[in-house]
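A quick write-up on the structure given underneath.
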Amino acid sequence: MTLPRAQSCSSSPRSSLRPNSSLRQPQQDGPERQHNSVHFAAAVQQEAGAGPEDELLAPSGVRINAPLSRVRSSDISSAAARPSDALRRGATTTAASGICKDPSSLMLPPDTRLSASNRTSGMSLHSGMKSTEAKSSRPISVQFGNVSFAGDLREFDIGKAQVEYPCDADDGSDVVQTRNGFSRTESFTDKFVSDVGETPSRRVSRRAALGSEEAAAIPQAAEVAQVRLDVQKHLASLLSIHTTGRAREIVETWNIIVVKMQWSLISLVFNTLLLAFIFLVHQNIVVSVQQSVVTNYGGVMVEVILLGSNIVTGFSLDEAASCVFGYLLASPRGFSAAVCGFMQASPVEKWLFSQNLALTSPSRKILARVSVLWILLESLKIVTPFSAIALQSAPWSSYSDVSDCVYFVQGTQRDGTPALVDRQWPNLDVAAGVAEYAYGTSLGIMRSETAGVNATTAMYPPQLISALSSGDTIMGLGFSADIRTQCKCATAVSTLAFEAAGVSPTHSQEVLDAFLGLNGTMGLTFGVVTAGESVVVSNVLGGYSLCGTMLTKRYLPAVCSTRMDNHQQMMLEISFMTDGTTASIAPNTVSALYAVGKANASFWLYSAVSALTRGPVSSYNTPATVPGGLSPLLWWTSPNLIAVDRGLLEAGLETMYAILFKAAIQRTYTPQATSCPRRSTMDTTQSVLVMQGAGYNLTVMFLVIQLAISILSASAFLLWFASPHPIGPAVRATRESVYLLALLYSSRVGNGLPDMCNAETFTIWQKLDVEVRIGESVETVEEETGRICMEKVSMVRGLTNGRQYC
């Protein structure tokens, strides 16, 4: 078979390689014309020593011509589809046949490997590996920007490089280069450039136009068509990384890591602010919202805010766990790939995921213990309704005026002795009269009227001496004391029986005598003593059938012991109610603002109570003011104001002593007249928020746990800051399922997954439960562009900051 030899440098000293016209104006009549294609044609030459001439059209639309038998490297240029684009990019291609000495250059895409041999089939393009087919030892020079390379073609790694080698024609003439930077030799291949989709009719007409020798080469060219398709696919894949920008540089600075931990920082700040706000609400905070709005929507807003903080804390926990597990996956020892599935499971399913791993899995126990954090965080959502219910509001008012008032102090004389004076008023009868119109809320916190308390707190606020309106409130100095009472039935009417029931032995005989002096009428005795900083008053009730009778038909008395302690000087607030006249002004509600200091009880309070009860030991008849009723002092011991109820006796006596506490201070403490601030202006556009009781405690617990998780999440990023290698890809693998899929697709860890398309999910993760490392493949450590992979630990090296990876 004889074919015309392709035109070479010896036959055409000034031949030029021109761009194919079809490249400038691509046709749209077929799928092969709609895309850049690779054309590869060869013609066997008859001359001895001459090899086939390969013609390649790169996807960017540049044709390369080179006889492989006489040239050590092919001339290839990666340029744009239009020659003008190639000119702007500075890409040039010069082809030659024969032994060349004139310089020429070629431009290849990044990561392209080129090899050539003297064999007829010896041209290949490689991506991601060095050439193993190159047989030439002809040195070449490479320019990487300002860095040059010179060496053997077999060892050359072509990236974005410009390769220069000597080239001139056999006859000594220079190779001609056209204006647009492209040149080509006229040869048989100019006449025969066939697309893969060429029809038989085109081949018949084309064969008829050719000579017999040229037509004989057509079958050989048709055999190369399939090779042309393979080259096209391979080269398109080769250039895709560089044309679409898939190779990226990994840069992990402290600023980038701080951005990655954004949810941990947000959660830390959010929970801290909420905890501070709850503390303020507990102490009554004023907000510029009407009370009706807070009443209707305040609880809902609290629940939504707490749920939002819980969700944000969950985000911070997720990113912190991704950081920790990403650090382990990128570490030299590696970690189980199943942790990626664990992180991508929902908070509730994380524990189930860990339990579905194999019993021999080393990561099963670790993941099961870590999943408790998510379970704890999710369970906190149960607390939010209780927090919403605990929020309360009240109208806010301001102190805009003053009222005349009197308050009492424990005064001293000039020599420093207590200035205690018994003014003989009020007495027990006056106190009983006051009890008829006194409200329990004006006396303090009464156990007889307030649920959930186990003691009574008596409060004595400043006394008003001027007129005011109903609802007005004054603030001033006062006193408080805690009161506790216990009652027992005496087993007999004797000193021993009284002492066993609670009467002090120091005056048990005097108490017995005072009790017998009542002669069975309704009344009670008083016995006042001090016990440290407390005042203890014992009472023996006579004339009330509370403890049964003896054989002598006499009733056994009830003996009660009352202790008053925690005596303090307080800043108190008292509100009043009235029908518009000064005679109808009555105290309504008293409340404590803050404690001023500790008050003396062993002298002042003891002396005041003793003076009021004419003690320290005395008796007092409690006649009814209404026939058939009880004395007003004992009204709180009865459900019907007629008979004393044994179940209400202790709480009722505490209220009685709260009334006597006020009367005792009025009788003996030092009075001072002054002006008390008056709160009389109600602002309807503002309200006071308050959160009390169990709801407050649950809310504080809720936020403290979330704050602890936030601090733990933020601390986890210290591993990222301290990591010697970038761990961003490993962190992405734990959070992004698509990125994990890309790693598995290029990894031998994913071998066998196509056979598990009908397997259970836990079975798939059990297969992936092997120790792997995410980093750079050892195959690309010395390459310009590395490859990120997820392989066995021995096949992976740590990533390098500032290096490009694909």
> Using a distance-only test with no angle check, is there a side-chain donor-acceptor pair under 3.5 angstrom linking Ser292 and Asn296?
Replying inline: no
> Hey, is the main chain of Ala481 close enough, under 3.5 Å, to the side chain of His567 for a donor-acceptor pair?
Replying inline: no
>> How close do Leu630 and Ser638 get, counting heavy atoms only, and between which atoms?
In response: CD1-CB, 3.4 Å
>> Ignoring hydrogens, what is the shortest heavy-atom contact between Pro462 and Gly476? Give both atom names and the distance.
In response: CG-CA, 3.6 Å
>> Any carboxylate oxygen within less than 4.0 angstrom of a Lys/Arg side-chain nitrogen, looking at Asp565 and Arg484?
In response: yes
> Between CD of Gln355 and CD of Glu349, what distance do you get to the nearest 0.5 Å?
Replying inline: 14.0 Å
> How close do Ala467 and Ile585 get, heavy atom to heavy atom, and via which atoms?
Replying inline: CA-CD1, 4.2 Å
>> Looking at every non-hydrogen atom in both residues, tell me the closest pair between Met570 and Ala592 and how far apart they are.
In response: CE-CB, 3.5 Å
>> Against Leu703, only a single residue in Asn310, Leu698, Ile278, Leu273 fulfils side-chain contact (heavy atoms from CB on, under 4.5 Å); can you say which?
In response: Ile278
> Closest heavy-atom contact between Phe661 and Ser480?
Replying inline: CZ-C, 4.1 Å
> If you measure only the distance, is there a donor-acceptor pair under 3.5 Å linking the side chains of Glu449 and Tyr439?
Replying inline: no
>> How long is the straight-line distance from CG of Leu741 back to CD of Glu736, given to the nearest 0.5 Å?
In response: 12.0 Å
>> On a heavy-atom basis, which atom in Trp351 and which in Ser371 lie closest, and how many Å separate them?
In response: CD1-OG, 3.3 Å
>> Just checking Tyr669 against Phe479, ring centres under 6.0 Å apart?
In response: yes
> Hey, what do you get for OG1 (Thr456) to CD1 (Ile483), rounding to the nearest 0.5 Å?
Replying inline: 6.5 Å
>> Here's a test for you: under side-chain contact (heavy atoms from CB on, under 4.5 Å), which of Ile709, Leu712, Val312 qualifies with Leu317?
In response: Ile709
> Quick one: CG on Leu428 to CD1 on Ile659, what's the gap to the nearest 0.5 Å?
Replying inline: 11.5 Å
>> Between Lys598 and Glu533, does any side-chain N to carboxylate O distance fall below 4.0 Å?
In response: no
>> Which residue is it: Thr473, Asp472, Ile474? I am looking for the one with a side-chain contact (heavy atoms from CB on, under 4.5 Å) to Phe576.
In response: Ile474
> How far apart are the C-alpha atoms of Asp482 and Thr457, what are their side-chain angles, what is the distance that settles it, and do they pass the side-chain hydrogen bond (donor to acceptor under 3.5 Å, both in side chains) test?
Replying inline: CA-CA 4 Å; Asp482 293 338; Thr457 301; 3.2 Å; yes
> Under 3.5 Å, is there a donor-acceptor pair between the side chain of Glu654 and the main chain of Thr485?
Replying inline: yes
> Can you check side-chain hydrogen bond (donor to acceptor under 3.5 Å, both in side chains) on Thr699 and Ser387, steps first, answer last?
Replying inline: CA-CA 6 Å; Thr699 306; Ser387 302; 2.5 Å; yes
> Judged by modelled atom types alone, do Thr622 and Tyr544 share a side-chain donor-acceptor pair under 3.5 Å?
Replying inline: yes
>> What I want to check is whether the side chains of Gln410 and Asn600 have a donor and an acceptor closer together than 3.5 Å.
In response: no
>> Donor-acceptor check, side chain of Gln686 to backbone of Val286, threshold 3.5 angstrom: yes or no?
In response: no
> Once you round to the nearest 0.5 Å, how far does OG1 of Thr734 lie from CZ of Phe342?
Replying inline: 11.0 Å
> Is it the case that Thr578 and Ser470 place a side-chain donor and acceptor less than 3.5 Å from each other?
Replying inline: no
>> Quick check: Tyr327 with Trp720 (ring centres under 6.0 Å apart)?
In response: no
> Among side-chain atoms of Ser393 and Ser687, is any donor-acceptor pair under 3.5 angstrom?
Replying inline: no
> Between CD of Glu436 and CG of Leu633, what distance do you get to the nearest 0.5 Å?
Replying inline: 9.5 Å
> Do any N or O atoms from the side chain of Lys662 and from the backbone of Tyr460 form a donor-acceptor pair under 3.5 angstrom?
Replying inline: no
